[in-house]
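Data first, discussion second: the structure below is written as structure tokens.
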2 protein chains.
Amino acid sequence: MSIQAVAAKAGVSVATVSRAFNFPDKVTRSTRELVERVARELDYVPNASARTLRTQRSRALGVVLPTLLNPTFAECLQGIARAAIAGGYAIIPVTTGYQLDEEERAVHLLLAGNVDGLILVVSNPSTSAALARLRGTGTPYVLAYNRHPEHPCVTVDGEAAVADAVARLVLHGHRRIAMVSGTLAASDRAQQRYRGYRKGMADAGLKAPPLIEVPFVESAVDALAGVLQVPGRPTALVCSNDLLAIRSIRAAHLGGLAVPDDLSVIGFDGIALGEDLTPALTTIAQPNDDIGRRSVELLIQAMAGGTALQADASLLLPYFFRDGESCAAARDNAND
Amino acid sequence: MSIQAVAAKAGVSVATVSRAFNFPDKVTRSTRELVERVARELDYVPNASARTLRTQRSRALGVVLPTLLNPTFAECLQGIARAAIAGGYAIIPVTTGYQLDEEERAVHLLLAGNVDGLILVVSNPSTSAALARLRGTGTPYVLAYNRHPEHPCVTVDGEAAVADAVARLVLHGHRRIAMVSGTLAASDRAQQRYRGYRKGMADAGLKAPPLIEVPFVESAVDALAGVLQVPGRPTALVCSNDLLAIRSIRAAHLGGLAVPDDLSVIGFDGIALGEDLTPALTTIAQPNDDIGRRSVELLIQAMAGGTALQADASLLLPYFFRDGESCAAARDNAND
DNA sequence: CTGTTAGCGCATTCAT
DNA sequence: ATGAATGCGCTAACAG
């Protein structure tokens with residue numbers, strides 16, 4: 001079903017059909033209605049590939065994400081999708097599973113697909129080969145969640161946020177505060193958050209115990225069990241993301257510790273599900289939806305201006321401390 | 001960067017470049033290597049739109065899902081993605097937010113995008129206008145999670161599964177078993193599961209209390225609070241999905257009921273997160289990943305054969321009862 | 001306001 | 001084994 005067929009049946013030229021669709025006011029009202037009617041009768045759908053080939057723009061944005069199994073990114077994608085539709089763009093999401101070679105493959109795929117722009121969450125902007133390649137092509141892009149002085153980024157100040165969280169815990173009487181994180185090397189976010197943790201501890205004049213690094217989420221519960229059993233165990237855990245926080249709570253439970261009575265747990269991300277849990281998750285909430293939305297808006301705006309997005313267009317969005325039930329004041333006798 | 005440029009720089013014809021990429025053995029070893037080298041130097045990426053236009057196939061599959069905020073569908077999409085890549089296909093996921101007009105829009109968008117096939121989760125196959133339209137086009141498709149005698153579907157027997165779950169609860173001494181569901185009208189899955197609940201109750205000779213229908217997840221906790229406070233309240237809740245189960249547990253907690261001591265809760269879906277919760281969620285686990293994978297395999301196989309997928313190709317995958325901690329035997333004195 | 005036509009980048013005949 | 005030429009469906013000049 002091509003434009004040709006519609007033109008033939010309507011008794012007009014293909015150019016007229018094209019105009020009727022793309023510039024409705026450049027054709028007579030009657031012609032437009034005729035074309036629309038015929039098109040509907042024929043179930044005509046304009047061919048996106050042909051249009052893209054001809055116009056050299058796809059009106060599609062590529063989105064590169066680590067995974068959709070973490071609700072953080074699912075929520076962000078939701079925001080991206082909404083904003084993209086509003087701006088007349090389709091989106092093509094691709095997940096990388098936190099793997100560098102998948103990042104490259106994703107960028108390659110999307111570039112071949114003629115996307116007009118890219119939104120990506122990379123593991124580390126400084127070392128991402130995919131990002132370097134992308135930059136070379138001149139295709140507009142923006143990073144979400146990442147933070148780097150040489151790239152346009154939309155994120156929150158993760159370092160300040162975690163320092164903040166530590167300060168709150170200290171205010172609640174906690175002294176033995178540990179941090180739980182995924183592999184540091186795998187993500188610049190994790191690194192920032194860890195820096196914030198150390199800063200928060202230093203500011204409070206506390207000695208920071210070693211980072212509890214959990215390489216595989218599957219083993220998180222086991223890994224934590226050990227740490228929570230020793231004498232002088234932490235009374236509070238700052239987790240680098242909400243999924244880790246949820247698993248920390250489980251580990252505590254399995255170890256016979258009640259949350260928050262025996263152990264306070266604070267997460268990072270602000271996934272919606274956290275509010276429905278018992279105990280409701282205390283967390284540093286990022287505006288995941290907004291991070292997506294603003295990324296798209298930045299990108300679309302830049303593409304309209306024809307200018308590639310610069311690093312100084314970066315946005316630092318506010319984060320919020322979401323009070324839940326997984327944190328409480330330290331008990332005086334928390335020396336068990 | 002087009003095939004022309006590569007041909008020119010390599011001193012061969014465009015046809016040769018094309019062959020070097022698509023039929024490496026139809027070209028001399030030396031020319032192939034030459035072309036590959038030049039292409040790499042020029043950062044040449046074949047243009048997907050042009051290829052699609054020319055070949056009339058995109059090697060892309062459209063995926064229509066209600067939402068990615070429910071991990072069930074995120075997990076399924078993961079399976080779809082893996083299988084699609086393995087089969088040499090890209091995927092284009094689109095979410096509908098459970099809205100019928102969005103279903104239509106999504107199908108329209110994907111058809112315009114020249115997808116070679118579609119995997120969709122619709123609200124109700126019997127009433128879906130999008131599905132009717134799609135069928136008319138002759139584009140191969142398969143439904144996931146839905147179940148309908150006239151369409152190719154990949155899902156589990158939700159009715160039997162819930163009947164099963166009820167039987168287990170009865171075996172544990174429960175008599176006052178209620179079901180919690182989203183809007184029945186909005187999903188054929190919810191309807192099937194509700195049928196299974198009634199069957200299970202009838203088989204046990206029990207009277208089924210009215211369905212606890214929760215139109216908006218946001219109000220689930222409030223809606224449940226009422227039901228759980230009345231005398232003769234249920235001692236067990238069968239929930240139509242895991243997210244509802246999680247909220248039911250929270251509602252119980254807020255109402256002063258302990259799970260599973262005062263109230264047993266069983267979910268449906270088998271989201272991975274359920275295993276990390278405290279109490280770990282007891283649930284009827286669907287093989288979400290497999291539902292996605294098998295859907296893709298069915299589709300690809302049909303497309304290879306050139307035959308449109310028939311309803312009799314439908315797959316009914318096994319479900320599993322995943323034992324957690326949110327269910328326990330009914331207490332004798334559960335009459336509070 | 002409408003029609004004619006060229007060409008986007010590629011795969012694929014048909015020659016050689 | 002390689003090259004020349006055609007057309008996929010569409011939009012954007014240009015002409016009328």
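What you see is a predicted model; the values in this text were computed from it and never measured. FYI, side chains are in, hydrogens and waters are out, and symmetry mates aren't considered; it's all heavy atoms of this structure.
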Review point. Does any non-hydrogen side-chain atom of A:Tyr141 lie less than 4.5 Å from one of A:Leu120?
Key: yes
Point to revise | Side chain proximity check, B:Leu110 to B:Val63, heavy atoms < 4.5 angstrom | key: no
Point to revise | Lys/Arg-Asp/Glu bridge criterion (N-O < 4.0 Å) met for B:Glu36, B:Arg40 | key: no
Please list each protein N or O that sits under 3.5 Å from an N or O in nucleotides 5-7 of chain C, with the distance.
| residue | atom | partner | partner atom | Å |
| --- | --- | --- | --- | --- |
| C:dG7 | N2 | A:Arg54 | NH1 | 3.2 |

Review point. DNA chain C: B:Val45 or A:Thr16, which has the more 5' nearest nucleotide?
Key: A:Thr16
**Study point:** Separation of C:dC10 P from B:Arg59 CZ (nearest whole Å)
**Key:** 17 Å
Listed pairs under 3.5 Å, donor-acceptor, residues 78-86 of chain A side chains, sequence neighbours left out:
| residue | atom | partner | partner atom | Å |
| --- | --- | --- | --- | --- |
| A:Arg82 | NH2 | A:Asp289 | OD2 | 3.2 |

Check your understanding: Sequence neighbours excluded, which residues qualify as side chain to side chain donor-acceptor pair (under 3.5 Å) partners of B:Asn114?
Key -> A:Asn47, A:Ser49
Exercise for review: With sequence neighbours left out, write down each residue that passes side chain to side chain donor-acceptor pair (under 3.5 Å) with A:Thr72, or none if nothing qualifies.
Suggested key: A:Asn70, A:Asp269
Practice item. Have a look at A:Thr52 and say if it touches a base, only the backbone sugar-phosphate, or nothing, with a 4.0 Å heavy-atom cut-off. Key: nothing
**Study point:** B:Gly117 to B:Thr139 - nearest heavy-atom pair and separation
**Key:** CA-CG2, 4.1 Å
Show me the donor-acceptor pairs within less than 3.5 Å that the side chains of residues 6-16 of chain A make with the rest of the protein, sequence neighbours left out.
| residue | atom | partner | partner atom | Å |
| --- | --- | --- | --- | --- |
| A:Lys9 | NZ | A:Glu41 | OE1 | 3.2 |
| A:Ser13 | OG | A:Ala15 | N | 3.4 |
| A:Ser13 | OG | A:Thr16 | N | 3.3 |
| A:Ser13 | OG | A:Thr16 | OG1 | 3.3 |

**Study point:** All ring-ring contact (aromatic ring centres under 6.0 Å, His included) counterparts of A:Tyr44, not counting sequence neighbours
**Key:** A:Phe21
Practice item. Take the protein atom NZ of B:Lys26 and the nucleotide atom P of C:dA11, then report the distance between them rounded to whole Å. Key: 13 Å
Review point. Bend across the helix from C:dC1-D:dG16 to C:dT16-D:dA1, to 10°, with axes taken over 5 pairs at each end?
Key: 40°
Review point. Do any side-chain nitrogens or oxygens of B:Asn47 fall under 4.0 Å of OP1 or OP2 in C:dC10?
Key: no
For nucleotides 14-16 of chain C, list the nitrogen or oxygen atoms of the protein found under 3.5 Å from its nitrogen or oxygen atoms, one pair per line.
none

Practice item. Mind checking B:Thr31 for me? I need base, sugar-phosphate or nothing, with any heavy atom below 4.0 Å counting as a touch. Key: sugar-phosphate
Distance-only criterion, 3.5 Å: show the donor-acceptor pairs between side-chain atoms of residues 306-313 of chain A and protein atoms not counting sequence neighbours.
| residue | atom | partner | partner atom | Å |
| --- | --- | --- | --- | --- |
| A:Gln310 | NE2 | A:Ala308 | O | 3.4 |

Check your understanding: Do B:Leu298 and B:Arg294 come within less than 4.5 Å of each other through their side chains, counting heavy atoms only?
Key -> no
Review point. Expressed in angstrom and rounded to an integer, what is the separation of A:Asp25 atom CG from C:dT2 atom P?
Key: 12 Å
Practice item. Determine whether A:Glu75 and B:Leu69 make a side-chain contact, defined as any pair of heavy atoms from C-beta on separated by less than 4.5 Å. Key: yes
Revision key, fill the gap. note: B:Gln56, atom CD; C:dT13, atom P; distance rounded to Å ~ 14 Å
Study note, to complete from the structure: The first and last nucleotides of DNA chain D lying within contact of chain B, meaning any atom under 4.0 Å from one of its heavy atoms, run from D:dA1 to D:dG9
Review point. With sequence neighbours excluded, what pairs up with A:Arg29 under the salt bridge (Lys or Arg N to Asp or Glu O under 4.0 Å) test?
Key: A:Glu33
Check your understanding: Can you check whether A:Thr28 has a side-chain N or O nearer than 4.0 Å to OP1 or OP2 of C:dT2?
Key -> yes
Practice item. Pick base, sugar-phosphate or nothing for B:Phe21, based on heavy-atom distances below 4.0 Å to the nucleic acid. Key: nothing
Check your understanding: NA contact type, B:Ser18, heavy-atom cut-off 4.0 Å: base, sugar-phosphate, or nothing?
Key -> base
Review point. Separation of B:Asn22 atom CG from C:dT13 atom C1', in whole Å?
Key: 15 Å
Review point. Excluding sequence neighbours, so at least two apart, what forms side chain to side chain donor-acceptor pair (under 3.5 Å) with B:Asn146?
Key: B:Arg189
